[in-house]
Amino acid sequence: MPLAVVLVSPKTPGNIGAAARAMLNMGASDLRIVAPRCDHLDSQAVAMAAHAGDLLRGARIYPTLREALADRDLSVGTSARIRADLPAPRHPAVLRPLVREAAAPALVFGPEETGLINDDLEQCQVTVRIPTGDYASLNLAQAVLLVCYEFLQGQDELPELTRKTATREEMEAMYGHLQETMHLIGYTDAVRARHTMRLWRAMLDRALMSSAESRLFRGLLRQVKWKVDTVGKAAQAESPARPEPDPETPLS
């Protein structure tokens, strides 16, 4: 399984190196780093990576999470907190079949101090939580190790059926198109748009659309725009024009 591990804005080189080592232990090799706040090839990172030095040097750097997830068909955020308007975190065992069915899944880990913010979790179809005791404080490498183990080395049977879902870039483009259409028809406004889109994202992400299905949905949105434009032009054409005065008719 080509599982990608995405680290969002990591702060400490040692944590990046230790995360790379944890990935190698569990059989993952695609490391992606979004807007790092340190040099991921710092000597401390290389030392902590140990035998995963090649994996660390092969890491790809991205300016935004959206770009890091563009070719992924499933993105799994990590969080232990319940967030308003966002799906609740789920146990790894519940999500394991979903991850294994995906053609190009990604695990997304947030900054060491804060974890993923809501804007990041909006770009993930599901969120996983790591079950812990009362004291729930894992460092970045521990979290990477545990979640990669659950999805790569767990003992559950692999599902027989596979289904290729749309990439995140296709889904994000569809959501942008949907928001434009909502504004066009007055379904939402600037104040309510964020909340409304979160609800739509939660529903449509659960559908695990294929590329063809996302194009089908966007075709519907294009038809809505065409209809709105057509009705608007027809209304303008039918509005009565002010008649010109008859030159032979006295005005008074």
Side-chain angles (χ1 to χ4, degrees), residues 4 6 8 34 62-77 79 82-90 95 97-99 101-106 108 116-127 159 161-246:
V6 183
V8 177
V34 176
Y62 297 85
T64 67
L65 179 57
R66 176 170 178 168
E67 290 169 276
L69 296 176
D71 65 336
R72 302 287 91 187
D73 63 351
L74 175 70
S75 53
V76 181
S79 178
I82 302 295
R83 317 289 182 100
D85 301 337
L86 293 173
R90 303 170 73 183
L95 298 178
L98 182 66
V99 174
E101 286 176 2
V108 185
L116 293 173
I117 62 175
N118 287 356
D119 286 350
D120 298 328
L121 288 172
E122 285 179 1
Q123 299 181 59
C124 301
Q125 291 103 314
V126 292
T127 304
L161 299 178
T162 59
R163 183 175 186 273
K164 187 174 181 180
T165 56
T167 66
R168 289 314 299 165
E169 182 59 29
E170 289 172 319
M171 293 300 291
E172 290 300 327
M174 186 189 78
Y175 289 137
H177 196 167
L178 175 60
Q179 184 163 325
E180 290 174 3
T181 305
M182 287 180 178
H183 285 297
L184 175 67
I185 63 176
Y187 181 82
T188 190
D189 54 32
V191 175
R192 298 175 295 168
R194 188 69 173 272
H195 172 76
T196 302
M197 281 305 303
R198 283 179 177 174
L199 298 178
W200 276 96
R201 278 174 174 270
M203 180 178 69
L204 294 176
D205 275 344
R206 284 197 302 271
L208 296 177
M209 288 183 174
S210 66
S211 295
E213 289 168 339
S214 71
R215 291 193 297 271
L216 178 68
F217 190 83
R218 295 192 70 180
L220 171 64
L221 300 178
R222 284 190 291 272
Q223 186 68 14
V224 170
K225 184 178 186 304
W226 175 84
K227 188 64 175 180
V228 170
D229 291 344
T230 301
V231 171
K233 291 176 182 177
Q236 289 180 349
E238 292 176 1
S239 60
R242 184 175 180 180
E244 295 293 330
D246 185 343

(message) Do Asp73 and Arg168 make a side-chain contact, defined as non-hydrogen atoms from C-beta onward lying under 4.5 Å apart?
(response) no
(request) Check whether any side-chain heavy atom of Thr127 lies under 4.5 Å from a side-chain heavy atom of Ser79, and answer yes or no. (result) yes
(message) In the structure I gave you, are the side-chain heavy atoms of Val8 and Val108 within less than 4.5 Å of one another anywhere?
(response) yes
(request) May I ask you to test the Leu69-Tyr62 pair for a side-chain heavy-atom distance under 4.5 Å? (result) no
(message) Does any part of the side chain of Asp205, heavy atoms only, come nearer than 4.5 Å to the side chain of Tyr175, both counted from C-beta?
(response) yes
(message) Quick one, Ile117 and Asp120 - any side-chain contact, counting heavy atoms below 4.5 Å?
(response) yes
(request) Could you tell me the separation between the CE atom of Met209 and the CD atom of Gln125, rounded to the nearest 0.5 Å? (result) 11.5 Å
(request) Mind checking the CG-OG1 spacing from Asp189 to Thr196? Nearest 0.5 Å is all I need. (result) 8.0 Å
(request) Please name the pair of heavy atoms, one in Ala106 and one in Val6, separated by the smallest distance, quoted to 0.1 Å. (result) CB-CG2, 4.3 Å
(request) May I ask you to check whether over 12 heavy atoms, not counting those of Arg90, lie within 6.0 Å of atom CZ? (result) no
(request) Specify the closest pair of heavy atoms between Gln179 and Ala193, including all atoms of both residues, with the distance to one decimal. (result) NE2-CB, 4.3 Å
(request) Report the C-alpha separation of Arg198 and Asn118 in whole Å, then their side-chain angles, then the decisive distance to 0.1 Å, and conclude whether the side chain to side chain contact (heavy atoms under 4.5 Å, CB included) test is met. (result) CA-CA 10 Å; Arg198 283 179 177 174; Asn118 287 356; 3.7 Å; yes
(request) To the nearest 0.5 angstrom, please state how far the NZ atom of Lys225 sits from the OG1 atom of Thr230. (result) 9.5 Å
(message) What's the separation between atom NE2 in His177 and atom CD in Glu172, rounded to the nearest 0.5 Å?
(response) 15.0 Å
(request) Could you check if a side-chain atom of Thr167 sits within less than 4.5 angstrom of a side-chain atom of Arg72, using non-hydrogen atoms only? (result) no
(request) Check the side chains of Gln123 and Ser75 for a donor-acceptor pair under 3.5 angstrom, ignoring hydrogens and angles. (result) no
(request) Any chance you could lay out the side chain to side chain contact (heavy atoms under 4.5 Å, CB included) test for Val126 and Arg206, step after step, and finish with the verdict? (result) CA-CA 8 Å; Val126 292; Arg206 284 197 302 271; over 6 Å; no
(request) Rounded to the nearest 0.5 Å, what's the gap from CE on Met174 to OG1 on Thr181? Could you check? (result) 11.0 Å
(request) Please determine, by modelled atom types, if Glu170 and Ser214 share a side-chain donor-acceptor pair under 3.5 angstrom. (result) no
(request) Flag the pair Trp200 / Met182 as yes when at least one side-chain heavy-atom distance between them is below 4.5 Å, and no otherwise. (result) yes
(message) Return the CZ to OH distance between Arg192 and Tyr187, rounded to the nearest 0.5 Å.
(response) 9.0 Å
(request) Of all the heavy-atom pairs spanning Leu98 and Leu74, show the shortest one and how long it is. (result) O-CD2, 3.7 Å
(message) With a 3.5 Å distance limit and no angle check, can you tell me whether Glu213 reaches the backbone of Ser210 through a side-chain donor-acceptor pair?
(response) yes
